[in-house]
Amino acid sequence: MLEEAPSQPLANEPAAGSLDSSHLFCLSANSPAALQRLQRAWIERLDAEPALSLADASYTLLTGRKPLPYRFSAAGRTAADWRGALESGLRRTPVATGRGVPRLLFLFPGQGSQHLGMARNLYANDRRFAAHLDAAAEALRPHLPGDLRPVIWGQSPDSARLDETAWAQPAIFMVSYALARWLQDWGMEPVAVMGHSVGEFAAATIAGIVSLEDGARLIAARGRLMQDLPPGGMLAITADAATVAGRLPAGVEIAAFNAPQLQVVAGPRQEIERLQVAIEAGEWGDDVSARLLRTSHAFHSAMMDPAIEPFGEVIAQCRWQVGHLPLISTVTGAALSATEALDPEYWAQQIRRPVQFSSALRDWLAREPRTVLCEVGPHQALTALVRQHSLAARSQVVVPALPPAKQPEHDDQYASVALGQLWEAGVPLLVPHVGDATPRRRLHLPTYPFERTRHWFEVPAEPQEEPHDKQTIETPDSSPRQNSASDHPDPLKTDETPPLPADFSGASGLRSSRDLSPFGHELIQHQLEIMRRQVDLLARSSPSGG
């Protein structure tokens, strides 16, 4: 016997491995018109059913719909959020993702991206992200004075020290590592990774060059050793590298080549402040500006030299291996070779040599123009740098995973929006397959609006042949006739002519021998019968009777 399955309540309870408070909404179609029709259908559905389970609807869309070229995504906590996004989407012109799957490159930011409250809501509302961040925090715990989690969320007396190098570098590492793992849980697999300064250690961990435990040990030691050095300063200057290099005072050097028209210099604090005053006074020209960075030390300058040797000792305690992902080095500006990845000297000198972010980015984009870039870390510093490159601004998509430092309160919804933006750009997205105390259900949702188009085969008209001339039938006797018309009726007008086939349209309608089928045989028989009767009539009307 068969029995109907018991009904289950539709609810928005959190689901492990999914966005619990902000639900991802993905639609796609084969044309802009079909996508807009689907959006309107969804607006009607949400109006009719405002209590729709967004968690189940999101799950159904992600697992039960094939991704098509024209895509729309949104995120929200309520049906009203989804509806508002749909209304806004109708005012935009959909753009196709293009052919094939784009290359995904993870970008890991450096020091200066840290801020209080970073990733707090994502940690509270997404169990997968929380698990990865907890793993990184536990790996860091033996190397720090205390638990880093309450520090970054403003819940510890040490929170005021977050900008200090000893706390900032491990905090950035922890959040960036957790974000990268979380994106990978959603099927966002990069083809390569790149890190800016301290971000290169998180990139190396994700690439498999070092383990999470060794990565945590390295980053904690790096921050502690730099913190113990004399303070310094860093200044961002909007000018090309040649201009900056030619006008720097003694003791100040370029620490980072961030963009074609943006360089960062480092040196003693007094020299950096004096240089800032000179640039703001117009001594470098009206088109050059300067901004003092929020750092405590002069990173990637000669002031880092005392930390190289002790950091090398920590490096020697770690196990290095060739990674499973390419790492684009911002030390050399090219892909890290196997020899460099295993060389302790490379990682020791990494804290001293200038950051070649701009050349590394340009080299990658020149070789892989169809790349989607994702900034995997707090804030959006690298996103801003990428957009200052003309090649990237013209053809690449760059998506920050978290909001700017001034808007940390909605980081969970922003992260779900980032997932949707990556999916819109063509990056595959998969629902994490994990055990769930609240399993999701497949719902009956608006179906695809097929664009039904009638297609007819157009047969070109063929010219018709001219009708055949009437043939004159002569009698055997060529002498003039004296008989009247009534004595000799016209055989062609006889009432005894047999009827034509029902589908016969006349000889003039026949265009080829193929037109004789299927009534061609009947037509010939009919014509022979007419000729036989004509002969009989003529014979009866002849004076000789014969």
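Values below: all heavy atoms of this structure, side chains included; hydrogens, waters and symmetry mates excluded. Small disclaimer: the values here were computed from a predicted structure and weren't measured.
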Could you tell me whether [X] atom [atom1] has more than 12 heavy atoms of other residues or ligands within 6.0 Å of it?
X    : atom1 : result
Q270 : CD    : no
R367 : CZ    : yes
H410 : NE2   : no

With the threshold set at 4.0 Å, does a side-chain nitrogen-carboxylate oxygen contact exist between [X] and [Y]?
X    : Y    : value
R128 : D126 : no
R71  : E424 : no
E213 : R217 : no
D134 : R127 : no

Could you tell me which non-hydrogen atom of [X] sits nearest to which non-hydrogen atom of [Y], and how far apart they are?
X    : Y    : result
P190 : M188 : CD-O, 3.5 Å
A418 : A401 : CB-CA, 4.0 Å
L229 : P306 : CD2-CB, 3.7 Å
F257 : P354 : CE1-CB, 4.0 Å
V322 : L342 : N-CD2, 3.8 Å
P230 : M303 : O-CE, 3.8 Å

Are [X] and [Y] linked by a side-chain donor-acceptor pair shorter than 3.5 Å?
X    : Y    : result
Q261 : Q388 : no
Y346 : S329 : yes
E340 : S337 : yes

Expected output: side-chain [X] to main-chain [Y] donor-acceptor under 3.5 Å:
X    : Y    : value
H132 : Y177 : no
E368 : R103 : no
E375 : A381 : yes
D158 : V151 : no
S176 : V376 : yes
D214 : C318 : no
D411 : R120 : yes
R269 : M234 : no
Q114 : A171 : no
D363 : S359 : no

(message) Suppose we call two aromatic rings close when their centres sit under 6.0 Å apart. Are F311 and W347 close by that rule?
(response) no

(request) Check the pair H297, Q227 against side-chain contact (heavy atoms from CB on, under 4.5 Å), reporting the backbone distance first and the verdict last. (result) CA-CA 8 Å; H297 293 76; Q227 183 71 44; 4.1 Å; yes

(message) Would T332 and Q356 count as a side-chain contact (heavy atoms from CB on, under 4.5 Å) here? Give the steps.
(response) CA-CA 7 Å; T332 64; Q356 301 284 348; over 6 Å; no

(request) Take the angle between the ring planes of H115 and H379 and call it parallel below 30°, perpendicular above 60°, tilted in between. (result) perpendicular

(request) May I ask you to decide if the ring planes of W186 and W182 are parallel, tilted or perpendicular, using 30° and 60° as cut-offs? (result) perpendicular

(request) Take N121 and Y123 through the side-chain contact (heavy atoms from CB on, under 4.5 Å) test and state the conclusion after the steps. (result) CA-CA 5 Å; N121 291 320; Y123 177 85; over 6 Å; no

Close side-chain approach of [X] to [Y], heavy-atom, < 4.5 Å:
X    : Y    : value
L162 : L116 : yes
I254 : V244 : yes
V372 : L422 : yes
P69  : N30  : yes
S22  : S416 : yes
T330 : S197 : no
S28  : W423 : yes
R362 : H389 : yes

(request) Check the pair Q184, R181 against side chain to side chain donor-acceptor pair (under 3.5 Å), reporting the backbone distance first and the verdict last. (result) CA-CA 5 Å; Q184 289 177 314; R181 290 298 188 212; 2.8 Å; yes

(message) Let's go through L38 and F72 carefully: what are the C-alpha distance in whole Å and the side-chain angles of both, what is the deciding distance for side-chain contact (heavy atoms from CB on, under 4.5 Å) to 0.1 Å, and is it a yes or a no?
(response) CA-CA 10 Å; L38 190 57; F72 167 82; over 6 Å; no

(request) Could you walk me through whether T165 and Q111 pass the side chain to side chain donor-acceptor pair (under 3.5 Å) test, one step at a time? (result) CA-CA 8 Å; T165 301; Q111 191 164 338; 3.2 Å; yes

(request) Not counting sequence neighbours, which residues clear ring-ring contact (aromatic ring centres under 6.0 Å, His included) with W284? List them please. (result) none

(message) Run the ring-ring contact (aromatic ring centres under 6.0 Å, His included) test against F357 and tell me which residues pass, sequence neighbours left out.
(response) H196

(request) Provide the full list of salt bridge (Lys or Arg N to Asp or Glu O under 4.0 Å) pairs with a residue in residues 280-298, sequence neighbours left out, each pair given once. (result) D163-R294

(message) If you apply the rule side chain to side chain donor-acceptor pair (under 3.5 Å), what do you find for R274 with Q276, and how did you get there?
(response) CA-CA 5 Å; R274 189 178 296 114; Q276 180 185 16; over 6 Å; no

How long is the span from the [atom1] atom in [X] to the [atom2] atom in [Y], to the nearest 0.5 Å?
X    : Y    : atom1 : atom2 : value
E138 : L133 : CD    : CG    : 10.5 Å
I308 : E313 : CD1   : CD    : 13.0 Å
L373 : M194 : CG    : CE    : 8.0 Å
L382 : R387 : CG    : CZ    : 11.5 Å
I206 : L327 : CD1   : CG    : 11.0 Å
L430 : T63  : CG    : OG1   : 11.0 Å

(message) Please evaluate residues Q349 and E345 with respect to the criterion side chain to side chain donor-acceptor pair (under 3.5 Å), reporting the C-alpha separation (whole Å), side-chain torsions for both, the decisive distance (0.1 Å), and the verdict.
(response) CA-CA 6 Å; Q349 291 292 332; E345 186 66 16; 3.1 Å; yes

